[in-house]
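Worksheet for the structure shown next.
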Amino acid sequence: VGQTPSPTLPVEVLVEIFRYLTPPDLCYCAQVSHTWNAAAFAPSLWSSLYPVQWARGIWVPYNVGLCGVLEEEAGRGLGVGQAKWDEDADVDESEQQPDPLITREYELFHSLVTWVLPRVGCGVTTLVVDAGQGITSRLLHHALRLCPSLTTLAAAHTRIDSYAFKGVWSSRGLSRLRNLDLQGCQLVDDSALVYLARCGPSLPVCPIPYLSAGAGQHQCICWNGVTDNTHHNRHSQSRHHTHNSTHSLKYVQNEKPLKCSMYHYQNESTSETDIEEIHCESAKNFVAQNIVEVNSHWEKRAHHIPEYFNNNGKFKKDYHHHQHNNCNMKLHNSSLAEEYSKMCKLTKQMNTTGTAGLCGTNCHSVDGQFRMTQDTLRYSGLQLGTLSLSGCWRVTDFGLGALARAGAVSGLTSLDVSGCYRLSGRGLGALAAACPTLHPENLWYCDNIDNGPYPLQANGCANLANPIRVCCRSGR
Ligand code: FES
């Protein structure tokens, strides 16, 4: 770096020169003068971020593959993987000294998020935090909100959970994401996929209205201000229009929605520990049955719904009784419940105004799905090309179904869900059907899943010999 800054060089020239510098050099340059500062923080100089590598002193401008190194070391039993991968949460570690490398990762990423990304975030297209044990969900969450142009996110083998993606859609974050690698992130669950789905081209449909409107003896669905019979919003509920048919619903046009009525569903008494199991199974079935009919008319789906109700029109099981606006169920997973509640609030707003401010734009509902108006068509939304959830064993059909319903996987060319042993063959089949560009040889899933798609062409579980990622056959 020069000793005396040239006052004559324009910023554009300085930027071209600065392309040959590493991030710490850029930070030194930024302290020279205002002009140099502006050049050093040109967004184009910060298009690819590798904070975990940087914390190790590796300043090369490409991904060196730290998670591969981590797996290799763990496979050789060198202890590095175990040292970084402390899964024994029961052990009191208050006496242990924090790993200096983890601390360095955290501090470097924290500095990036606090000082650098607010200035250059719009230019960031690649963020790689593979194997970063100092990367927290909260920091990644902030980073994602500051990087709306991100196309590649690699967070393999980190401890991030679903919070990292929560609410990112509201700032249009991840709308350009094409490659997502979360392999080995054992804390990632369906909530993360639901959050990601909300960044998709179309919002996923909230299952609550399905269930609340589908049973016999319940109120019909009304849509305010619609002139076409096929256009309706099933979220608006009127106490004044009831009928008892399970398979047909009455749509009322040009009528203001009345106050949403509360439904009271009784769930069979079941212990708290059973709820999650039941919910997962039910949600899995629900998605499997509905995912292939994303754009179909409401009545076409209705025949699936009675499975969730007993003869009295009450929930057979699955959900706690819960009231929130016009939502009457409580999902065991609180973050999912919260997300759906928000969605219902949004639809309630739509019922009132006909439009809703979504991502600062106008949306309307067509055929029960949220669709973008012309204003929002420019906002393409999340459409993934490659997705790796290998070893994310908490993921179920429910989460993947949310992505599919949002149109976020319609352009998928590679999908690795090996190690996700909670998925079902039926759910995977429905997902594959929603991904026309997905070639069978680019699909990986658990060997123990029966009736999965492309049984002769798809790949088996890639985790079988992997020392870190979860696999049902390796006993983890
Ligand atoms: Fe079932 Fe790997 S998760 S074979």
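By convention here, the first residue in the shown sequence is residue 1. Counting convention: from 1, in listed order, for ligands and their atoms alike.
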Donor-acceptor contact below 3.5 Å, side chain Arg198 vs main chain Val194
no
Taking the side chain as every heavy atom from C-beta outward, state whether Leu144 and Phe165 have any atom pair closer than 4.5 Å.
yes
Assess Cys472: does it contribute an N, O or S atom lying under 2.8 Å from atom 2 (Fe) of ligand 1?
no
Note: ligand 1 atoms sitting under 4.0 Å from heavy atoms of Gly419 are 3 (S)
Give the atom numbers and elements of ligand 1 that come within less than 4.0 Å of a heavy atom of Asp447.
4 (S)
Do Asp190 side-chain atoms and Phe398 backbone N/O form a donor-acceptor pair below 3.5 Å?
no
Which class fits the ring pair Tyr163 and His141: parallel under 30°, tilted 30 to 60°, perpendicular over 60°?
tilted
N/O/S from Cys461 sitting under 2.8 Å away from atom 2 (Fe) of ligand 1:
yes
Can you list the atoms of ligand 1 that are under 4.0 Å from a heavy atom of Cys446?
1 (Fe), 3 (S), 4 (S)
Answer yes if the side chains of Ser390 and Arg469 hold a donor-acceptor pair under 3.5 Å, and no otherwise.
yes
